[in-house]
Amino acid sequence: MKELPKAYEPKNYEDNIYKKWEESGLFNPDVCVKKGFTEPKANYFSIVLPPPNVTGTLHLGHAARLATEDLMVRYHRMKGDKTLWLPGTDHAAVATQAKVEKILMEKEGKTKYSLGREEFLRRIEKFAQDSHDTIINQCKKMGASLDWSREAYTFDSERNLAVRTVFKQMYDDGLIYRGYRVVNWSVKGQSTASDDELVYVERPGKLYYFKYSKDFPITIATTRPETKLGDTAVAVNPKDKKYKKYIGQEFTVDVGAAQPLKIKIIADENVESGFGTGALGVTPAHSAIDFEMYQKQKVAGNEIGLVQVIGEDGKMTAVTGKDYVGLTVLEAREKFVDYLRKNNLLEKEEDTVQNVATSDRFGDVIEPLPKTQWFVDVNKEFVIKENKLGIKKGSKVTLKKLMQHVVKEKGIQIIPDRFEKTYFHWIDNLRDWCISRQIWYGHQIPVWYKNDEVYCGVEAPKEDGWVQDPDTLDTWFSSGLWTFSTLGWPNKEEWAKENIFHPISVMETAYDILFFWVARMILMTTYVLGEVPFKTVYLSGLVRDEQGRKMSKSLGNIIDPLDMINKYGTDATRLSLLLGNTPGNDAKLSEEKIAGFRNFTNKLWNISRFMLLNIDEPKMDVEKPEAKTLADEWILYKIEIVAAQTEANLCKFNFSLAGEQLRDFTWGDLADWYLEIAKVEGGKSEILNYILNIILKLWHPYMPFVTEAIWQEVYGEDKTLMVQEFPNESIGIVPSEVGLFEGFVIGVITSIRSLRAEYKIEPAKKIGAKVNVGSKEELLKNNAEIIKALARLDKLEFVQSGAEISLDLAGAVDSEKEKPRLEKEIQEIKKYVGGLENKLSNKEFVQNAPKEVVEKEKTKLNEAKAKLEKLEEQLANLK
RNA sequence: GGGCAAUUAGCUCAGUUGGUUAGAGCGUUACAUUGACAUUGUAAAGGUCAGAGGUUCGAAUCCUCUAUUGCCCACCA
């Protein structure tokens, strides 16, 4: 007989257990094969960890990723799949650089420029390394069974090679180009930002109605008067009668700045006649939309000019003349409005709400500016090579089409599927992807210049005199390669060995990076490998606070997973993230919830403790034992059901449901009912041993630490639960019989209760009836087994005599209340039967519905009829 | 402006293709507790399933509209 400590203390076990797991090497699929836990030819199952940024520490979002993925990985490992979970971290270029810059300024009062590129990068590297170590240790705290031998970094040399290789390939295919475009410029960050990195903020603004000059015929409206110094056209809707006559005309207007403006009147469909004055001042240099108009005109052979009036420093440029140059945007705005006012050109000022684009990383207002940048062309056709996407070799495709194709053709399944719509919608609106950033920390663009020559290559050109493009790549460029760059690509040998894990089985991530990351992986992988990056995308919701708010420092509502682990243990923290959620929906989390799961962890511990007290000699491998009593049959049936359900739901990604069913079984059926019966019946060593093993295995993917702790306490520290075979018991009893057993248990419990009352004995405590058992007569008549079973509780000698004479089940049924209930039920069933008969007599239904459905309906009808008879009989008995 | 969701007990949420009496956890209340577990047990109270209409023998579930909330995309000059 083994005895466990009275309560489970996570701290006494967790770190130790993790260390042992790690030392065993079993997180590595190759080791699992070598040690014989996995068949060499087993199916593979692979996940890559969405690499956490090296800027921060573990937050609940990470914890949720780790818990969910570890759940899948541990399940598949136990099932015998060759299971790889690949860890890594992200260099998060902009975020990391910004953070280090901030620290540098605060601690040393220095800027990156005063340090110089090289020294600054060294500082970042050091920061990244420290931060990396912290976050890796935190992952380990969560119990994540990641294969650390394969750890990768988005900015290490292997990944850098992959990035350069892909860049070169895309460049050669003409999919990457350098272009002069209006980009999102962050003055504060001194860098571009992609469209996805913008956050729109509503601000009160003013809409100014004005004319450029007295003799200009059209009034225009703007919220940004200062940019009007760079206007080169006025656009109107071609259908607008009011302005039609002006289209094509050219005006030269003096606006009090250095140069008079040359304004052409152009037509563009995108101009709404109803908004403002129906005419739009076109500023090609400082508005993405206007720039598009400019390009459209250019293609049509109508050059309208482009004047940059705001510089990268956020100040007015020299072209604006001595009155304006050097002024900030706001100063210039005031000055220009002043000018308009003085010259009676300002017709109206209107208060509006402006939606201003700000930089996600730096927080400042984005200044659209024209700049030469690198872009990925998503609409350019190229010839596709051999591929596994079901597209004919040699046909012409675009990156956009590839991205649409794989999801449309179900090469990739997105869970929940409503996100497919979002995905398509996003792709429809996708514009060329600006991939160059003016940051220092990142993959430098593998392009070199010499005089007017341009060279793109995986390696630098050998001759002297070439200068590399100083820009670096958007982090998502390297993240997009993550599923295969971590598996050795483009190193041929490595890739040949590791590509058995590609495509990744499941990409599990929160829905907020569907576009940033998931879409880009699809883009990159289909293009580079002609293969999908993953078969399934499982999108989790975000973790929010109790009131559904985002967790943030300013709200002070952050729950630190490490605090929770300290207080309640890792298993409880994991459960709180896994249970009570549905995919794609945000989860609300509170400390109370975690505390609740701590209670459950301890409950499982004590269930095991009790079982062990009643197991003679625990064995790791136990065949399914014989049931000696009906209670045994019932619990053995129940555990089979729950094992089957768990397996099915884990396969269907119903992680929450599976866990809840397991919990209900463990706490409800097993602890509250069966173990209580076991106290009375006794002699259950084998069955308890069998059940203990199964529930520990079933729970292991959810609660790896407590289950492993119990396992090792019982079977020795050299054993590990982690690679035990996951239960796949076959179900030997047909479900219709379960009612009988349920009835049995209820009967036993009810009877014990009343016997206790009647004979004033003290049988097992903590027993009670909670389910309606039907009438006393029915119970006695239909369930002779129950009486026999009661007799089998022979530890209570007097039960036999009591049972034989009369079981007082009063209280279970009140015939006064029972009668109306039965009548109501009969009425409803009659209706139900009527409906079914109706349906089945409907020829259209019988002919058109699938056979199984018709059969199912017939079965339902028979069942309902039987039930109806039974109920009518019951009612008759009552009368 | 376009799209996607949500609305079920005091709170947080389930509810698997429409089916008999809508569930769980937490909270509340009452009772119990000596040997697995107070990190416990048994029970009770608490729900016109947001509202209105429709389809159906039958609707929390399907359809339409309305209201409220949240999110995503686009951006209006």
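Labels below follow one simple rule: chain letters A, B, ... track the order of the sequence lines, proteins then strands, and each chain is numbered from 1.
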When you measure from the side chain of [X], which nucleotide among [options] comes out closest?
| X | options | result |
| --- | --- | --- |
| A:L207 | B:A77, B:A14, B:G41 | B:A77 |
| A:L280 | B:U12, B:A36, B:A77 | B:A77 |
| A:K603 | B:U40, B:A5, B:A77 | B:U40 |
| A:R418 | B:A5, B:A77, B:A36 | B:A5 |
| A:K421 | B:A77, B:C4, B:A36 | B:C4 |

Out of A:Y568, A:W699, A:W605, A:Y702, which one pairs with A:F600 under the ring-ring contact (aromatic ring centres under 6.0 Å, His included) rule? A:W699

Taking 4.0 angstrom as the limit, do A:E367 and A:R224 come out as a salt bridge? yes

Counting primed atoms plus P, OP1 and OP2 as sugar-phosphate and everything else as base, spell out the protein contacts along nucleotides 23-29 of chain B at 4.0 Å heavy-atom distance: B, S or - for each nucleotide, 5' to 3'. -S-----

Whether each nucleotide of nucleotides 70-75 of chain B has a protein heavy atom under 4.0 Å at its base (B), only at its sugar-phosphate (S) or at neither (-) is summarised, 5' to 3', as --SSBB

Remember a base hit wins even if backbone is also touched, and classify A:R598 as base, sugar-phosphate or nothing at under 4.0 Å, heavy atoms. base

Would you mind classifying the nucleic acid contact of A:T582 as base, sugar-phosphate or nothing, using non-hydrogen atoms under 4.0 angstrom? sugar-phosphate

Spell out, as yes or no, whether a donor-acceptor pair under 3.5 Å connects the side chain of A:N237 to the backbone of A:V271. yes

